[in-house]
Amino acid sequence: MNISKICCIGAGYVGGPTMAVIAQKCPQIQVKVVDINQARIDAWNSEDLSALPVYEPGLDAIVGEARGRNLFFSSEVDLAIEEADMVFISVNTPTKTYGEGKGQAADLKWIEKCARQIASASKSNKIVVEKSTLPVRTAEAVKDILDNTGNGYKFQILSNPEFLAEGTAVEDLLDPDRVLIGGDTSTEEGLEAIQALVDVYAHWVPSERILSTNVWSSELSKLTANAFLAQRVSSINSLSELCESTEADIYEVSRAIGKDSRIGPKFLQPSVGFGGSCFQKDILNLVYICRSYGLFEVADYWEQVIKINDHQKGRFAKKIIKSLYNTVSGKKITFLGWAFKKDTNDTRESAAIYVADLLLNEGANIYVYDPKVSEDQMYNDIDYLNTRTKVENRRLLQSEFDPYAACKGAHAIAVLTEWDEFRELDWQKIYDQMQKPCQIFDGRNLLDKQKLEKIGFRVYAIGKSS
Ligand SMILES: NC(=O)c1ccc[n+]([C@@H]2O[C@H](COP(=O)([O-])OP(=O)(O)OC[C@H]3O[C@@H](n4cnc5c(N)ncnc54)[C@H](O)[C@@H]3O)[C@@H](O)[C@H]2O)c1
Ligand SMILES: O=c1ccn([C@@H]2O[C@H](COP(=O)(O)OP(=O)(O)O[C@H]3O[C@H](CO)[C@@H](O)[C@H](O)[C@H]3O)[C@@H](O)[C@H]2O)c(=O)[nH]1
């Protein structure tokens, strides 16, 4: 089956970059990315490529090359579905905030809406691809809706989870470790649909890296991969606390164990806690699924990864309070970084939000400098927690455009995101303009501790005894 038109529902952090790369690599395929959020679509269509709604290194060039040629962004969802041979669903699947499964299960209402819309807008048979991260067996529900609410056309459902990480999305998409395609391997139509998607990726991904499985394995592999990755971060973070009590150095431990080829060096970087829209949501979802099958021990095992992560964020905030003589009330504390990792403007579940909330509870005045995050976004994040009024949040927290202004007069600086530019700051100048004693809390082990101590700073770095 030859695919000539693709529609992707959802122009977010996954839909936008993924489709831009497919369009760049497959110039003969027309790719339309659609979204109900008109402002987002307008931003994707913006002439100024620095105003795209997703910041990812290298993405502007790819969009610049393909947009208007075979890559289009539009809010005409029905029309794009009708025209396409293959429809990707790449909408958000956040943790439920209400009802059964609140706080754990994935909220699938946007997925169901998409399935119903695909069914009603279709005027031919289609391949429907789950790109969103979904609980195992969601394809069953999607198929049920498509088969029972459609216009009599046939749908093949594939699971094709996305493994890109933000900040490196373009590299990950251009050179993926693997592409996973789950489908109905028991029928000819199912195998044909799998092959059609394999053929799209085969334009640039070597065939040995394109794996096909049954749908359920594919859906579950995505949750499993994120659970394993997050578990490594929680494992190293849990031991960072032990290092601080024993004079072991978490970096030396991490390097030593990472050299074991069975363990490997990646994802052993201690931090103030993992953030991002995926790890916590996907593990909570895994925990919920396990409990719903009565697998309580398995659920408890994975839940511990989240508990350690919450503990890590909390103990970082407590360390700041304790070091500032047990009170931060009315004190200026500077945050360097608000994004959940460097090279992205995404702040979802960023550790900075939770650390800020704990310090604001104690009456701290927080000034934030982040090179890519707007003040509005910071207020959205902190207001969302509903801990205090919006007025209070605006009184206690502000963003600064300049890192030196953010640090001037501060009692302490906390590094929350590992932006490279923080290393290059003039730390002597910052020292001269701060309250003494000058304290730095490096939640990313980004800065040169010895150099800073030589200037006169007191430096706390995760997993290193001071
Ligand atoms: N962000 C990541 O790095 C990442 C990586 C891999 C997988 N995922 C998964 O991919 C999915 C999407 O994540 P994201 O970060 O791109 O989310 P996002 O919130 O950035 O984007 C989702 C978009 O879908 C749109 N949308 C929702 N319902 C719609 C509908 N009925 N019709 C049209 N548009 C609709 C929203 O307006 C939004 O713009 C999630 O399941 C997520 O878990 C995310
Ligand atoms: O050694 C490490 C590695 C990561 N992190 C933190 O973990 C979080 C997540 O980082 P990362 O995984 O690089 O970014 P994401 O964009 O959240 O990507 C994850 O989540 C995506 C969404 O499902 C998946 O597609 C990716 O494969 C998976 O890496 C960030 O806060 C990082 O700072 C650490 O603290 N230490």
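We count ligands from 1, going down the list as the structure has it; atoms in each ligand are counted the same way.
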Identify the protein heavy atom lying closest to [atom], giving its residue, its atom name and the separation to 0.1 Å.
| atom | value |
| --- | --- |
| atom 27 (O) of ligand 2 | F163 O, 2.7 Å |
| atom 11 (P) of ligand 2 | K341 NZ, 3.6 Å |
| atom 21 (C) of ligand 2 | L164 O, 3.5 Å |
| atom 7 (O) of ligand 2 | F274 CB, 3.2 Å |
| atom 19 (C) of ligand 2 | F279 CE2, 3.4 Å |
| atom 33 (O) of ligand 2 | R444 NH1, 2.7 Å |
| atom 4 (C) of ligand 2 | F267 CE2, 3.6 Å |
| atom 16 (O) of ligand 2 | E166 N, 2.7 Å |

- Query: Do Q38 and S75 have side-chain atoms, one donor and one acceptor, less than 3.5 Å apart?
  - Reply: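 Per modelled atom types, Q38 and S75 side chains form a pair under 3.5 Å.
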- Message: Is a donor from one side chain sitting under 3.5 angstrom from an acceptor on the other, for E162 and Y13?
- Response: no
Per-atom contacts, ligand 2 versus [X] - under 4.0 Å to a heavy atom:
| X | answer |
| --- | --- |
| L268 | 1 (O) |
| Q269 | 1 (O), 2 (C), 34 (C), 35 (O), 36 (N) |
| S271 | 34 (C), 35 (O) |
| K222 | 22 (C), 23 (O), 24 (C), 25 (O) |
| L229 | 29 (O) |
| C278 | 20 (O), 21 (C), 22 (C), 23 (O) |

Of the side chain and backbone of [X], name the one, both, or neither that has a heavy atom under 4.0 Å from an atom of ligand 2.
| X | value |
| --- | --- |
| K342 | neither |
| I236 | neither |
| R232 | neither |
| T344 | neither |

If you count the non-hydrogen atoms of other residues, nucleotides and ligands that lie under 6.0 Å from [atom1] in [X], is the total more than 12?
| X | atom1 | value |
| --- | --- | --- |
| Q450 | CD | no |
| D260 | CG | yes |
| Y384 | OH | no |
| R209 | CZ | yes |

Using a 3.5 Å distance criterion without hydrogens, assess whether the side chain of [X] forms a donor-acceptor pair with backbone atoms of [Y].
| X | Y | value |
| --- | --- | --- |
| E219 | T138 | yes |
| D35 | A11 | yes |
| K126 | I81 | yes |
| S46 | D48 | yes |
| Q312 | S271 | yes |
| D85 | S4 | yes |
| K131 | N160 | yes |

- Task: Evaluate the side chain to side chain contact (heavy atoms under 4.5 Å, CB included) criterion for residues W302 and Q304: first the C-alpha distance (whole Å), next the side-chain angles of each, then the deciding distance (0.1 Å), finally the verdict.
- Result: CA-CA 5 Å; W302 288 108; Q304 199 58 30; over 6 Å; no
Provide the closest heavy-atom pair for [X] versus [Y] in the form atom of the first, atom of the second, distance.
| X | Y | value |
| --- | --- | --- |
| C26 | W204 | SG-CZ3, 4.2 Å |
| N285 | L134 | OD1-C, 4.5 Å |
| N151 | S122 | ND2-O, 2.9 Å |

- Task: Look at atom 8 (C) of ligand 2 and find which of G275, S254, G276 reaches it with the closest heavy atom.
- Result: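 Considering heavy atoms of G275, S254, G276, the nearest to atom 8 (C) of ligand 2 sits in G275.
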- Protein neighbours of ligand 1 with a heavy atom under 4.0 Å, given by chain and number, are I9, G10, G12, Y13, V14, D35, I36, N37, R40, S90, V91, N92, T93, W110, C114, S132, T133, E162, L164, E166, K222, S277, C278, K281, R348
- Task: Give the ring-plane orientation class for Y460 versus F316, where under 30° counts as parallel, over 60° as perpendicular and anything between as tilted.
- Result: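 Y460 vs F316 ring planes: tilted.
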Does any N or O of ligand 2 fall below 3.5 Å from an N or O anywhere on [X], backbone included?
| X | answer |
| --- | --- |
| V233 | no |
| P270 | no |
| G273 | no |

- Can K266 be said to touch ligand 2, with heavy atoms closer than 4.0 Å?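 Judged by the 4.0 Å heavy-atom criterion, K266 does not count as contacting ligand 2.
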- Message: Contact between ligand 2 and E349 is defined here as a heavy atom of the residue under 4.0 Å from a ligand atom; is it met?
- Response: no
